[in-house]
Protein chains: 2
Amino acid sequence: MYPREIEDLIFEMQKLPGVGLKTAERFAFTILNLSKEDRDHFSKTIKDLDHIKHCKVCGNLTDHEICSICENQNRDHNMICVVSQPKDILTLENMNSYEGVYHVLNGLINTSKGILPDQLDIENLLKRITPETEEVILALDPTVEGETTALYLQKLLENHVKVSKLASGIPMGAHLDYTDSKTLSRAFEGRK
Amino acid sequence: MYPREIEDLIFEMQKLPGVGLKTAERFAFTILNLSKEDRDHFSKTIKDLDHIKHCKVCGNLTDHEICSICENQNRDHNMICVVSQPKDILTLENMNSYEGVYHVLNGLINTSKGILPDQLDIENLLKRITPETEEVILALDPTVEGETTALYLQKLLENHVKVSKLASGIPMGAHLDYTDSKTLSRAFEGRK
């Protein structure tokens with residue numbers, strides 16, 4: 001047995017995705033071998049996550065009341081892109097081409113896991129839609145859960161605002177013969 | 001960009017061995033999604049590593065002045081097993097058959113990296129060797145560095161005490177045709 005402090009950290013490290021005992025041991029010893037200052041800093045960065053809140057407008061992660069995207073007056077606030085989780089916002093922002101704002105649902109409808117529409121942040125999305133809203137873009141995963149949620153929102157919103165969905169199809173750089181048939185049939189349906 | 005607190009943690013996580021940006025992001029979000037209590041505990045376990053010291057006798061990791069192995073009077077204090085790092089002690093303890101004590105060198109001689117004998121904890125090892133000492137077992141990695149260190153210690157100690165070395169050979173469960181020739185020639189030399 002290692003001293004209790006090391007065993008504790010090895011245990012904690014195994015909470016990280018894909019980390020088993022051996023990797024957790026390596027991680028714990030790496031941290032142990034850092035200088036005391038570096039270790040304090042590491043520990044503090046975890047503690048500092050307490051400052052992270054959800055943006056009061058869109059649900060994005062932020063250390064302020066309202067996130068930098070919602071506060072940015074240069075963005076088009078009449079264009080709302082709906083995502084399932086805050087992480088997706090960063091992925092979309094990396095395109096560097098979308099100039100609207102976002103709305104985080106915080107999940108997707110998943111009846112088998114008992115996640116129903118009322119557990120998602122749809123209420124605030126409805127409140128944000130005004131007569132000025134030009135478009136709601138559904139940027140949800142092309143999975144059963146994502147498609148179900150998209151369909152639900154489409155039915156709910158289509159009489160009030162223009163609703164669009166990200167295109168499904170063959171990923172750029174992929175080869176036809178490596179593409180699964182579901183993706184292929186989507187690409188066919190969406191052909192231009 | 002994520003909020004600064006998340007970016008900081010992603011940066012810290014990349015200090016762990018084999019962790020790149022994507023994995024660090026997954027780790028950071030896993031920690032973010034823990035409850036505040038669990039996060040505090042995680043952060044505290046890193047902080048608590050400050051209590052870890054090196055045993056004043058053998059150099060093993062401990063949260064006391066002297067490690068539990070050195071304090072254990074049921075162990076044979078006249079048998080000293082020399083290892084390069086504290087982690088090796090746990091590996092050897094898992095055999096459940098060695099009843100002596102240990103000595104941690106804290107490294108191996110590596111001239112290309114400028115690690116010379118005087119940077120290892122050999123001085124304390126010499127002090128621990130008394131006329132009562134029956135055997136010093138060198139349990140060092142069968143690598144260039146380990147072999148160099150073993151040879152150095154052997155020369156240094158052989159006139160004072162019986163020195164032995166762990167056997168090299170084919171690992172249990174391995175197949176001859178998958179064994180490299182260096183290991184094979186060692187196994188030949190050491191045949192019984």
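The structure displayed is predicted, hence computed values, not measured ones. A note on names: the letters A, B, ... follow the listed sequences, proteins ahead of strands, and every chain is numbered from 1.
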- Item | Contacts of residues 51-60 of chain B with chain A (heavy atom under 4.5 Å) | H51(B), I52(B)
- Message: How close do L61(B) and P3(A) get, counting heavy atoms only, and between which atoms?
- Response: O-CG, 3.4 Å
- Do you know which of L34(B), N94(B), D50(B) has the most heavy-atom pairs under 4.5 Å to chain A? D50(B)
- Message: Between S43(A) and K44(B) (side chain of the first, backbone of the second, donor and acceptor by atom type, cut-off under 3.5 Å), is there such a pair?
- Response: no
- May I ask whether L105(A) and L151(A) are part of the same hydrophobic cluster, defined by side-chain heavy atoms of I, L, V, M, F, W, Y residues being less than 4.5 angstrom apart, directly or through others? no
- If two hydrophobic side chains count as joined below 4.5 Å and joins carry through other members, does L21(B) share a cluster with L92(A)? no
- Item | More than 12 heavy atoms of other groups within 6.0 Å of R26(A) CZ | no
- Does any heavy atom of chain A fall under 4.5 Å from the side chain of F29(B), the backbone, both, or neither of them? side chain
- Item | In one Ile/Leu/Val/Met/Phe/Trp/Tyr side-chain cluster, 4.5 Å: Y2(B), Y102(A) | no
- Answer yes if L125(A) and L116(A) sit in the same cluster of Ile, Leu, Val, Met, Phe, Trp and Tyr residues linked by side chain heavy atoms under 4.5 Å apart, and no otherwise. no
- Which residues from residues 153-166 of chain B are near chain A, with near meaning under 4.5 Å between non-hydrogen atoms? none
- Message: Quick check for you: to the nearest 0.5 Å, what is the distance between I46(B) atom CD1 and K47(A) atom NZ?
- Response: 12.5 Å
- Picking from L32(B), D48(B), T62(B), which has the most non-hydrogen pairs under 4.5 angstrom with chain A? L32(B)
- Sorted by number, residues from residues 63-89 of chain B in contact with chain A (heavy atoms, under 4.5 Å): D63(B), K87(B)
- Message: Do L108(A) and I115(A) land in one hydrophobic cluster if side-chain heavy atoms of ILVMFWY residues count as linked below 4.5 Å?
- Response: yes
- Side chain, backbone, both or neither: which part of L49(B) has a heavy atom under 4.5 Å from chain A? both
- Taking a cut-off of under 4.5 angstrom between non-hydrogen atoms, the residues of residues 4-18 of chain B near chain A are R4(B), E5(B), I6(B), D8(B), L9(B), E12(B), M13(B), K15(B), L16(B), P17(B)
- Task: Please look at F42(A) and chain B and tell me whether the side chain, the backbone, both or neither of the residue comes under 4.5 angstrom of a heavy atom of that chain.
- Result: both
